[in-house]
Amino acid sequence: MSWIEEKGPDRDVVLSSRIRLARNIAGYPFPTMMKDSDAREILDTVKRCFSVSTPFSGRRYSVTLIKDLPEVDRQVLVEKHLASIDLMQHSDVAALIMDDRQRVTIMVNEEDHIRMQCILPGFQLDKAWEMLDRVDDTIEAEVEYSFDDRLGYLTACPTNVGTGLRASVMMHLPALTVSKQIGAVLQTISKIGLTARGLYGEGSEALGNIYQISNQITLGPSEQDIINNLTVACQRIFEKERMAQQAMLKVSGKQFEDVLWRALGTLTHARVMDIKEFMALISQLRLGVGLSIIPGLTAENVNELMILGQSGVLGKRAGRELDDADLNAYRAETIRSRLNEMLQA
Amino acid sequence: MLCEECRQRQATVHMTKIINNMRSEIHLCEQCASNHEEFASITPFSMNDLIASFMDMGAGHQAFLRSATVKCPACGMDYARFKQSGMLGCRECYQHFSNELLPVLRKIQSRTEHSGKVPKRSGSSLLLKKQIKELRQELKIAVETEAFERAAEIRDRLKALEASYREQGRDIK
Ligand SMILES: [Zn+2]
Ligand SMILES: [Zn+2]
């Protein structure tokens, strides 16, 4: 189980809520300037936090050295939003600590010594913060953080200094995108210190009409202020998206339904599918499921399919190297059979 | 054609997205396009570029002259490398590059003072200050609700905290 298969609030528009904290350990240079011996000591220190008696609400944590991880497994972790691309790029000294429900992950020796995140299904930023705050307290009981009275938690990049907190909500906004209202929405949020990205972080395009909205500012407001600001903005956006969906349904009823049903038709019958087409179809399927036009499927089913169709996950499943043509055929085949299982269940 | 976002400048960037039968067209001016997610991925624009450009604006020519000489004595990070990567090398870097950093922080952050969580073990005066502030708030509520016993308790704790705060050589307002 992970955020992908679990039910969450506002699941018609929200895929996941995530909080990330950046921390560095006092007495060591940041990862940019540290030696390999520093990195090893830091990893030992962080690992120690997880070996004392059941510190994190009884959950079991595993420690993985990135250098021991095959390329395809690294890609899967990134595609499931459990680790960053950046962590994989520091592969010689980096490690990932993860709980057995895949909610809390701690990246060690990434851009900062410690990057911990909590990811939950649906819209639940407050709960994610509550959980991560506790994880942070537990680590803090064992290590001394690099902290400055005026600037707060010190981070390698000044864009994270202060709280070190990045809260982000991954949402599906097909109607705002198609009706061209999204530009105005994104422009408005940038004025209140928020920023939008595509499915896989900075610079990635809004594949499948999925956007990640997060706070840009980390220094000044408190953690709770940052989360409240983002929460209010997100609620507005959900409202707008739902209104736009209803409007589309009202204006182009049958034609609109036809598009959504055709998406299901293609997904259950296509023989070759590239990632762009796949994500577009998944977006339409998600919309059809959310609006109860397409019965027999849940939002969680759609999440599972979306992750299942990502290149790394497919490669891992195939157990062999796939070239582009292979990959697109294998994607169509895998999605077709899983989707048919879901529909028959 | 006018830009769809600002409706002021000529639209020079056009993009058509066709996702099955759903078709959407976007027409923007160059300025608005640069804020746009879809176009941002076409013209790569990173946080580091942003920091670098702010640093030039903030510190100007002087910073440029300093770049050859300023090096963090603790970790060896030099200004040129910081500017290029947007990354600091250690906590001392925040002090050594503070002249260059402050204008950057003012641009990319809302304020330059942290008001959030404070690590308990740091024994930081900030933590004391925060506790004092919270206790004063509690005291106010206790007095207002005529919970006098509780108020007396809080007052004692406040006195102790304020004393240790003064021991650190700081003034309390
Ligand atoms: Zn414009
Ligand atoms: Zn330094």
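In what follows, every chain begins at residue 1, and chains take the letters A, B, ... in the order their sequences are listed.
With sequence neighbours left out, A/Gln224 forms a side-chain hydrogen bond (donor to acceptor under 3.5 Å, both in side chains) with A/Asp126, A/Asn228. Scored by the side-chain hydrogen bond (donor to acceptor under 3.5 Å, both in side chains) test, A/Asn109 finds no partners at all (sequence neighbours excluded).
For B/Gln109 (side chain) and A/Thr218 (main-chain N/O), a donor-acceptor pair under 3.5 Å exists by modelled atom type. Put simply, the side chain of B/Arg91 never gets that close to the backbone of A/Leu154: no donor and acceptor are under 3.5 Å apart. Of the possible donor and acceptor atoms, none in the side chain of A/Thr163 sits under 3.5 Å from a partner among the backbone N and O of B/Gly116. At distances below 3.5 Å, not a single donor-acceptor pair connects side-chain atoms of B/Arg111 with backbone N or O atoms of A/Leu219. Under the 3.5 Å distance criterion, the side-chain polar atoms of B/Tyr94 are matched with a main-chain donor or acceptor of A/Thr155. Looking at B/Lys117, its side chain never comes within 3.5 Å of a backbone N or O of A/Asp136 through a donor-acceptor pair.
Contacts of A/Pro221 with chain B are made by both backbone and side-chain atoms, with heavy-atom separations under 4.5 Å. Only the backbone of A/Ala141 comes within less than 4.5 Å of a heavy atom of chain B; no side-chain atom from C-beta onward does.
Interatomic distance, A/Thr32 OG1 to B/Met87 CE, rounded to the nearest 0.5 Å: 7.0 Å.
Annotation for B/Lys120 and A/Asp137: closest pair NZ-OD1, 3.4 Å, computed over non-hydrogen atoms.
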